[in-house]
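See below for the structure under consideration.
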Protein chains: 2
Amino acid sequence: MGIRAQQKERTRRALLDAAFNQLSAERSISNLSLREVAREAGIAPTSFYRHFKDMEELGLTMVDEGGLTLRQLMRKGRQRAEEGGSVIRASIETFMEFIDSNPNVFRLLLRERSGTSAAFRAAVTREIRHFIDELSDYLQTRACRRPDLAYAQAEALVTLVFASGAEALDLNKKERQALAERLIVQLKMIAKGSEALQRSGREPELENLPK
Amino acid sequence: MGIRAQQKERTRRALLDAAFNQLSAERSISNLSLREVAREAGIAPTSFYRHFKDMEELGLTMVDEGGLTLRQLMRKGRQRAEEGGSVIRASIETFMEFIDSNPNVFRLLLRERSGTSAAFRAAVTREIRHFIDELSDYLQTRACRRPDLAYAQAEALVTLVFASGAEALDLNKKERQALAERLIVQLKMIAKGSEALQRSGREPELENLPK
DNA sequence: TCTCTGGGCGTACATCTGTACGCCATTTTG
DNA sequence: CAAAATGGCGTACAGATGTACGCCCAGAGA
């Protein structure tokens, strides 16, 4: 890569890093200012346009990167889990660690999911659907769930875990512990309930089974 | 009430109405401007301060009113339900009607729950906890759940219903239908799972029962 | 080597924001 | 009836924001 393109990529990163850096509990993408981001990145405000057309474009990139970060982390967590232990429990732990170590990235996803930009909302929704789909596949192959049940179950699991993560953001350690335990109970409910529904739904179809 | 206080209350309402009016899918509380709200309410910008110290204070009032609206509606829905039919199903229907007829109020609650103001987040969380508590009581008295199970179950139900509502905002009628059916399945899972957990948890304590 | 491209800069401008200050007019209070 | 209180207004200001325009100069390409 040319020396020119290299430098360009560098300042682009600087912009993204500056933007991520300015996120906090009190500051979301929509109240970032072009000028302030440029300032922290060490370039003139007008130079911003050499890299992004808009703050909206910057934001979309951030959402994508945030989603990617989370997805990669979960992939690792799943690997770690398959070396022994419950995949679901390992996933939750990984997810909670993510929230703990990247709270602002999680806040980003959380907020933009219901934010004022349809493009952002769609991007986050897409990201979450990835999770649901992967989990749904897992439930189909490992727990032998019917596709529709698997999807509904996966969606419920992800929804509850995500909501717990959101709530955890404002809690202290002790309260988080209680929250986590409640979450486990809720996931168990879903697991047991799904099992029950699967059984009750299967019998009428027995006569139609192949072989 | 004095003629003076009456007029004051009127413009206060005008401010709140103007603010609610400016909410939309693309516009949240945090991008309302004092000047614009005052303009739509028909008063000078500086007169705003005669009613609210801040836009923050206006916002908090809006959150409270939004929560109240929802709570009142759900109360009505529950009454309607007790005249026959499943309370849970009726609650869901009422909730979905609320989202359908007051989408911006729902968006308000949804957004501020993860917004940038701790006070707003707390207010919405308080509002949601009302629901959970009421539902939890219902489950304890009507379905004889243990308190901890009842609370976990109620929380899960509310979380899922709320999440479905949020998702519904961006969907067309057909997609909403599929979403609603999935939601029913998920709520059934939780009901059955909770039942199972209650049974499995009760037996070891049988010998300690009074009487 | 010479030319061209493009990242970065500074200046400049129009627009919007919140809000401090002081005045007026009417209601309320004494 | 006089005095105080108060909702509302207009003016004014300082600061911030996005962005149009034009210049410069280092690297890319011929």
Side-chain angles (χ1 to χ4, degrees), chain A residues 1-24 26-63 111-112 115-120, chain B residues 1-24 26-63 111-112 115-120:
Chain A
M1 183 164 53
I3 230 172
R4 194 74 176 256
Q6 223 167 40
Q7 182 54 28
K8 173 156 185 174
E9 182 53 31
R10 266 227 211 128
T11 62
R12 186 189 145 95
R13 259 267 59 88
L15 282 170
L16 284 165
D17 289 346
F20 272 114
N21 215 23
Q22 296 187 5
L23 293 180
S24 71
E26 296 79 23
R27 203 98 192 275
S28 76
I29 283 194
S30 65
N31 25 51
L32 294 186
S33 109
L34 184 152
R35 284 182 108 104
E36 225 173 317
V37 170
R39 204 176 307 142
E40 178 164 339
I43 67 172
T46 50
S47 297
F48 178 93
Y49 299 103
R50 305 290 186 193
H51 303 272
F52 301 96
K53 163 172 149 290
D54 247 355
M55 278 299 287
E56 168 112 3
E57 198 174 291
L58 203 233
L60 256 178
T61 310
M62 291 173 76
V63 173
R111 283 172 177 159
E112 301 314 323
T116 53
S117 154
F120 286 19
Chain B
M1 185 163 50
I3 225 172
R4 195 75 177 255
Q6 221 167 44
Q7 182 55 28
K8 173 156 187 177
E9 183 53 31
R10 266 227 213 130
T11 63
R12 185 190 146 97
R13 258 267 60 88
L15 282 170
L16 284 165
D17 289 346
F20 272 113
N21 215 24
Q22 296 188 4
L23 292 181
S24 72
E26 297 79 23
R27 204 99 194 273
S28 74
I29 283 194
S30 65
N31 23 54
L32 295 186
S33 106
L34 183 152
R35 281 181 109 103
E36 226 172 318
V37 169
R39 204 176 308 141
E40 179 164 338
I43 66 172
T46 50
S47 297
F48 178 94
Y49 298 104
R50 304 289 186 194
H51 303 271
F52 301 97
K53 163 173 151 285
D54 247 354
M55 279 300 286
E56 168 112 4
E57 198 174 291
L58 203 231
L60 255 178
T61 309
M62 292 173 75
V63 172
R111 283 173 177 158
E112 301 314 324
T116 53
S117 153
F120 287 18

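Here the structure is a predicted model, which is why all the values come from computation and not from measurement. Proteins get letters first, then strands, A, B, ... in listed order; numbering begins at 1 in each.
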Residues Leu34(B) and Phe48(B): closest non-hydrogen pair is CD1-CD2, 3.7 Å
Taking every heavy atom of Pro45(B) against every heavy atom of Ala38(B), the minimum-distance pair comes out as CA-CB, 3.9 Å
Qualifying residues under side chain to side chain donor-acceptor pair (under 3.5 Å), relative to [X], sequence neighbours excluded:
{"X": "Thr116(A)", "value": "none"}
{"X": "Ser24(B)", "value": "Glu26(B)"}
{"X": "Arg27(A)", "value": "Glu36(A)"}

DNA chain D: first to last nucleotide in contact with chain A (atom under 4.0 angstrom from a heavy atom), 5' to 3', is dT17(D) to dA28(D)
- Query: Taking the side chain as C-beta and beyond, is there a heavy-atom pair between Arg111(B) and Ile29(B) under 4.5 Å?
  - Reply: no
Close side-chain approach of Arg10(B) and Gln7(B), heavy atoms under 4.5 Å
yes
Rounded to 10°, the angle between the first-five-pair and last-five-pair axes of the helix from dT1(C)-dA30(D) to dG30(C)-dC1(D) is 20°
Within residues 32-40 of chain B, the residues having a heavy atom closer than 4.0 Å to DNA chain D are Arg35(B)
By side-chain contact (heavy atoms from CB on, under 4.5 Å), Ala118(B) pairs with (sequence neighbours left out) Arg121(B)
Show which side-chain atoms of residues 12-20 of chain B pair as donor or acceptor with protein atoms under 3.5 Å away, not counting sequence neighbours.
| from | atom 1 | to | atom 2 | distance (Å) |
| --- | --- | --- | --- | --- |
| Arg13(B) | NE | Asp17(B) | OD1 | 3.3 |
| Arg13(B) | NH1 | Glu65(B) | OE2 | 3.1 |
| Arg13(B) | NH2 | Asp17(B) | OD1 | 3.3 |
| Arg13(B) | NH2 | Glu65(B) | OE1 | 3.2 |

In whole angstroms, the gap separating P of dT17(C) from CG of Asn31(B) amounts to 12 Å
What residues 42-59 of chain B contributes to the DNA chain C interface at heavy-atom separation below 4.0 Å is Pro45(B), Thr46(B), Tyr49(B)
Ordered by number, residues from residues 2-14 of chain A within less than 4.0 Å of DNA chain C (heavy atoms) are Arg4(A), Lys8(A), Thr11(A)
Acceptor/donor pairs from residues 50-57 of chain B side chains to any protein atom, 3.5 angstrom cut, sequence neighbours excluded:
| from | atom 1 | to | atom 2 | distance (Å) |
| --- | --- | --- | --- | --- |
| His51(B) | NE2 | Thr11(B) | OG1 | 3.1 |
| Glu56(B) | OE2 | Ser117(B) | OG | 3.2 |

